[in-house]
Student: 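Structure below; questions to follow.
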Amino acid sequence: MRRIGRTDLSRIARPGPFLANILVVTTVGNLALFGAVAGELASGETPVPYTEADLWILLCLVLLDGLHTGITRRGLYVPGAVPSVAVTYALLIVHGWVVASIWQAVPVVVACALRRDALWRIAYLVGHYILAFLAAEGLLRLCGISPGPDVVRHLDADELPAVLAAGAVLVAVSQGLGWLLRSSWRGTRPSALAREELRSRLLAHGALIGLAPLIAVVTHANPWALPLFAGPMFSLYQATRVSFDREQEARHDPLTGLPNRRLLLERGERALRRADGSRKVALFLLDLHRFHEVNDTLGHLSGDRLLRQVGQRLRDVVGPADTVARLGGDEFAVLIPDLRPIDVEFGVLPPEKIALALARQVVEVLGEPFELDDLSLDIEVSVGVAVFPDHADGMQGLLQYADVAMYLAKRLRSGVELYDPARDVNTREKLLLLGDLRRALDMHQVELHYQPKVSFTTGRVDGCEALVRWCHPERGYISPEEFVHLAEETGLMPRLTRYVVDEALAQVAIWHRAGIDVPVAVNVSARDIHAPAFADTVAAGLLRHGVPPSALHLEITERVLLEEPQRAADSLDSLRKLGVRLSLDDFGTGYSSFVHLRHIPVSEIKIDRSFVARLTVDEEDAAIVRSTVDLAHSLGLRVVAEGVEDDATWDRLRDLGCDSAQGWLIARALPRDEATAWLVRHGVGARMAPHRHTADKRSAERPLPAQRQTRVTG
């Protein structure tokens, strides 16, 4: 790894210009001073008129400034705008640039030594001041003012404009060199840094440089009065530093020192203006999981330390041209201003893939333990990624869409998500649809359709699944996948579930009064199971409608256990004790495993239709179904097959020992009145015992595809 002193060059955005700046400024500046001193000595003259009292008085002042700077670790905090600059510029006016440069080197060396800065930094700072003094004296000489070391020069009133102009040149050269160096470090333009800092820098430098002519006048008139400048200079510097601090605080987070939202937006807008067809801009939004637990358990001081460590790790993992910002609380942002395609062995890696790879690296780095005192803390982080111009045409849009992606990553626990408009519930159309869904629930316009399940062994209907349907007054029927997914992405899902359970229990009560004793199954989400007192809500519904718990089945997926397994286990156990039967839906997909069946009190599993649909043409699917049925029966569980749509599949499932079937071969999902008529027609319950077809009769009465009649007749 290449280094210059303790500085890692791999952390520098443009190491070439950075090193060139250091080399040129250090070499030219210091050689100019050494050459001038050597020339004076060679001619038998002294470069410093040591007999002048003002020199030693001013040396004491700059020495105190260097000590203050090093001890407080501030100075060079406002680069170049330390009180010593006012003193050394006054020395330049009356004694020339050589004396000013030598005296300015004193506070630089003292402060850097106390701060233990690298030697190259000391040499660079000295060289950068020398060049600034050379430029200032050059302008003075052009104006007919020739400072020299021999005598204390008198400053006339008509020379004041030239002196102030030379001071402005000194500031311009000093700041310009600093902006060039820092811009190559960060990979930004010097003009961008100038726009950020120009106001505070001008105020700080202007106040101190403006004091230099007065010091020069007093130096000539009465040098013993010079110590009186110590108080005013320090007060003036403090005032300008406070102004600078306020300017910085307006753009930086006070806890971590990172840019805040304001500075992030400013840099982001500049990056968007510079972006073209060959490069893009990415924005990451990060959220720490359960950070409040750190504050509650260890205290806010420990939480603050953790946030600072997070900020430092983020700075370490991203490039120097990238911006890491803290937006507030435990939310951070990373701006990647220059994403370009990269040629790799297998093709071209697009900017979106590069952004996702970097985001995953961020998750990995933040996933390593954090050390707080004697504790080792593990935290999780979710990152949302949005890319310009693919997702938005401005920074506000990028923030919004990265926020949407971040909350999706948090909900899915996927770590990183790229913004996808199809999954954004905040679009205007989806927000309008969400409002319509709320009103539809209020007005009971959301309906339940019921799809029967039939037993292979008895031929009787042994249950119905309640499926939610919504006919929008303007858009017609809305796909359940669309509006249920919309409810899951927002806070509407618990309300939708309560509505469906209540409607299903009301229908079960009506059927029971009519002598139709059929249990009804309702799908519930992981969010429902994790909701506090969900079992109490179900119990209240059963009591309100006078329905026995055995008449209600709840269908869940294994995602229930993957998110907060302990809370899910407690909720499921409460439902089991209540007497509600549980069914594991979509078995065979995702993370389905019989190992999970040991942890959830289900009495039934439902084989996903993706296996049932290819049962007669794919022996691997048939083998999976066979093994599933055998293992489920060995655990005392019933097996229901979904998506049965033809006789061959029915016969194969019956031969494999499946307990029940559900699908269009039996009946489609029917509205409540049609479902009631269907159940009455085919006989359900103690007073209407159905009779199972014989094999010959089934063959003779094969259902017509257009009619989708049931295989079970009265």
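Everything numeric in this text was worked out from a predicted model, so none of it was measured.
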Student: Tell me, do His553 and Ser583 make a side-chain contact under 4.5 Å, heavy atoms counted?
Tutor: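 Not in contact.
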Student: Answer yes or no: is there a side-chain heavy-atom contact under 4.5 Å between Leu670 and His449?
Tutor: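 SC-SC contact between Leu670 and His449 ruled out.
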Student: Assess whether side chain to side chain contact (heavy atoms under 4.5 Å, CB included) is satisfied between Trp650 and Leu665, documenting all intermediate values.
Tutor: CA-CA 9 Å; Trp650 171 281; Leu665 180 65; 3.9 Å; yes
Student: Could you check Glu604 against Lys453 for salt bridge (Lys or Arg N to Asp or Glu O under 4.0 Å), going step by step and ending with a plain yes or no?
Tutor: CA-CA 13 Å; Glu604 176 183 273; Lys453 295 183 289 185; 3.7 Å; yes
Student: Does Asp659 use its side chain to pair, donor to acceptor, with the backbone of Val640 at less than 3.5 Å?
Tutor: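 It does not hold such a pair.
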Student: May I ask you to decide if Ile624's main-chain N or O and Ser627's side chain share a donor-acceptor pair within less than 3.5 Å?
Tutor: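 Flag set: sc Ser627 to bb Ile624 pair under 3.5 Å.
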Student: Which distance, rounded to the nearest 0.5 Å, do you find between the CG of Leu314 and the CG of Leu286?
Tutor: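 CG of Leu286 is found 6.0 Å from CG of Leu314.
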Student: Between the side chains of Asp630 and Arg626, is the shortest nitrogen-to-carboxylate-oxygen separation below 4.0 Å, so that they form an ion pair?
Tutor: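 Salt bridge between Arg626 and Asp630, a charged N being under 4.0 Å from a carboxylate O: no.
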Student: Could you tell me whether the side chain of Ile336 reaches within less than 4.5 Å of the side chain of Leu283, counting heavy atoms only?
Tutor: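 Contact flag for Leu283/Ile336 side chains = no.
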Student: Keeping Arg438 on the side-chain end and Leu433 on the backbone end, is there a donor-acceptor pair under 3.5 Å?
Tutor: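 No; judged by distance alone, with no hydrogens or angles, the pair does not exist.
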Student: Roughly how far, to the nearest 0.5 Å, is NE2 of His472 from OH of Tyr477?
Tutor: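 Answer for the OH-NE2 pair, Tyr477 versus His472, is 13.5 Å.
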Student: So which atom in Ala402 and which in Ala386 form the shortest heavy-atom distance, rounded to 0.1 Å?
Tutor: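 The pair with the smallest heavy-atom distance is N-CB, 3.7 Å.
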Student: Please assess Trp470 against Asp436 for the test side chain to side chain contact (heavy atoms under 4.5 Å, CB included), listing each intermediate value before the final yes or no.
Tutor: CA-CA 11 Å; Trp470 178 29; Asp436 292 342; 3.9 Å; yes
Student: Can you name the closest pair of heavy atoms from Ile666 and Trp678 and give their distance?
Tutor: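 Where Ile666 meets Trp678 most closely, the heavy atoms are O-CZ2, 4.0 Å.
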Student: If we ignore hydrogens and angles and just use 3.5 Å, is the side chain of Thr649 paired with the main-chain N or O of Val644 as donor and acceptor?
Tutor: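 No.
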Student: What pairs meet the salt bridge (Lys or Arg N to Asp or Glu O under 4.0 Å) rule with one or both residues in residues 376-387, with sequence neighbours excluded?
Tutor: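 Non-adjacent pairs meeting salt bridge (Lys or Arg N to Asp or Glu O under 4.0 Å): Arg290-Glu380, Glu380-Arg413.
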Student: First locate atom CG of Leu552, then atom CG of Leu582, and finally report the distance between them rounded to the nearest 0.5 Å.
Tutor: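 These two atoms lie 9.0 Å from each other.
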Student: Kindly indicate, with the supporting measurements, whether the criterion salt bridge (Lys or Arg N to Asp or Glu O under 4.0 Å) is fulfilled by Glu619 and Arg652.
Tutor: CA-CA 11 Å; Glu619 286 302 319; Arg652 190 66 185 274; 3.6 Å; yes
Student: Of the non-hydrogen atoms in Pro452 and Cys464, which two are nearest, and what is the gap between them?
Tutor: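 Taking every non-hydrogen atom into account, CA-SG, 3.8 Å.
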Student: Hey, is Arg654 close enough to Asp651 for a salt bridge, meaning N to O under 4.0 Å?
Tutor: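 Here Arg654 pairs with Asp651 in a salt bridge, since their nearest N and O are under 4.0 Å apart.
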Student: Heavy atoms only: give me the nearest Ser660-Asp462 pair and the separation to one decimal.
Tutor: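 Shortest heavy-atom separation between Ser660 and Asp462 comes out as OG-OD2, 2.5 Å.
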Student: For residues Gln361 and Val317, determine if any side-chain heavy atom of one lies less than 4.5 Å from a side-chain heavy atom of the other.
Tutor: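 Contact flag for Gln361/Val317 side chains = yes.
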Student: Is it true that atom CZ of Arg672 has more than 12 heavy atoms of other residues, nucleotides or ligands lying nearer than 6.0 Å?
Tutor: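 No, not enclosed.
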Student: Are Val484 and Glu481 packed together at the side-chain level, in the sense that at least one heavy-atom pair is separated by less than 4.5 angstrom?
Tutor: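 No, too far: nothing below the 4.5 Å cut-off.
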Student: Run the side-chain donor-acceptor check on residues 532-549: report pairs under 3.5 Å with partners two or more places apart or on a different chain.
Tutor:
unit_1: Thr537; atom_1: OG1; unit_2: Ala533; atom_2: O; d: 3.2
unit_1: Arg544; atom_1: NH2; unit_2: Asp502; atom_2: OD1; d: 2.6
unit_1: His545; atom_1: NE2; unit_2: Asp502; atom_2: OD1; d: 2.9

Student: Taking 4.0 angstrom as the limit, do Arg475 and Glu482 come out as a salt bridge?
Tutor: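 The answer is yes: the pair qualifies as a salt bridge.
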Student: Are Tyr419 and His391 close enough that their ring centers fall under 6.0 Å?
Tutor: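 Ring centres of His391 and Tyr419 closer than 6.0 Å.
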Student: Would you mind reporting whether Asp608 and Val612 have side-chain heavy atoms less than 4.5 Å apart?
Tutor: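 When only atoms from C-beta onward are counted, Asp608 and Val612 do not touch, as no gap falls below 4.5 Å.
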Student: Taking the six-membered ring for Trp, are Tyr499 and His444 ring centroids under 6.0 Å apart?
Tutor: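 Between His444 and Tyr499, which both carry aromatic rings, the centre distance is below 6.0 Å.
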Student: Does Glu645 come within less than 4.0 Å of Arg668, counting only side-chain N to carboxylate O?
Tutor: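 The answer is no: the pair does not qualify as a salt bridge.
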Student: Could you measure the distance from the CG atom of Leu584 to the CD1 atom of Ile607? Nearest 0.5 Å is fine.
Tutor: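 The CG atom of Leu584 sits 11.5 Å away from the CD1 atom of Ile607.
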Student: Could you check if a side-chain atom of Arg609 sits within less than 4.5 angstrom of a side-chain atom of Arg614, using non-hydrogen atoms only?
Tutor: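 In short, these two side chains do not touch, never coming nearer than 4.5 Å.
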Student: Step by step, work out the side chain to side chain contact (heavy atoms under 4.5 Å, CB included) result for Leu467 and Asn523.
Tutor: CA-CA 8 Å; Leu467 301 171; Asn523 289 279; 4.3 Å; yes
Student: Near Asp618 CG, under 6.0 Å, is it more than 12 heavy atoms from other residues, nucleotides or ligands?
Tutor: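 Counting neighbours around CG of Asp618, more than 12 heavy atoms of other residues, nucleotides or ligands fall under 6.0 Å, so yes.
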Student: Which heavy-atom pair separates Val500 from Leu448 by the least distance, and what is that distance?
Tutor: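 Scanning both residues completely, I find the closest heavy atoms to be O-CD1, 3.5 Å.
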Student: Could you check Val383 against Met406 for side chain to side chain contact (heavy atoms under 4.5 Å, CB included), going step by step and ending with a plain yes or no?
Tutor: CA-CA 5 Å; Val383 182; Met406 183 266 289; over 6 Å; no
Student: Among residues at least two apart in sequence or on other chains, which ones pass side chain to side chain contact (heavy atoms under 4.5 Å, CB included) with Ser525?
Tutor: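 For Ser525 the side chain to side chain contact (heavy atoms under 4.5 Å, CB included) partners, ignoring immediate neighbours, are Glu488, Met493, Arg527, Asp528.
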Student: If the plane angle is over 60° it's perpendicular, under 30° parallel, otherwise tilted; pick one for Trp511 and Tyr450.
Tutor: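 Ring orientation of Trp511 relative to Tyr450: perpendicular.
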Student: Going from OG1 on Thr557 to CD1 on Ile529, what distance comes out if it is rounded to the nearest 0.5 angstrom?
Tutor: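 Taking OG1 in Thr557 and CD1 in Ile529, the distance rounds to 9.5 Å.
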Student: Enter the distance from Glu368:CD to Ser376:OG here, rounded to the nearest 0.5 Å.
Tutor: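 It comes to 10.5 Å.
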Student: Over all heavy atoms of both residues, which pair between Lys410 and Asp287 is shortest? Give the atoms and the distance, please.
Tutor: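 Here Lys410 and Asp287 meet closest at NZ-OD2, 2.6 Å.
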Student: Does the side chain of Glu465 reach to within under 4.5 Å of the side chain of Lys606, using non-hydrogen atoms?
Tutor: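 The answer is yes; the side chains approach within 4.5 Å.
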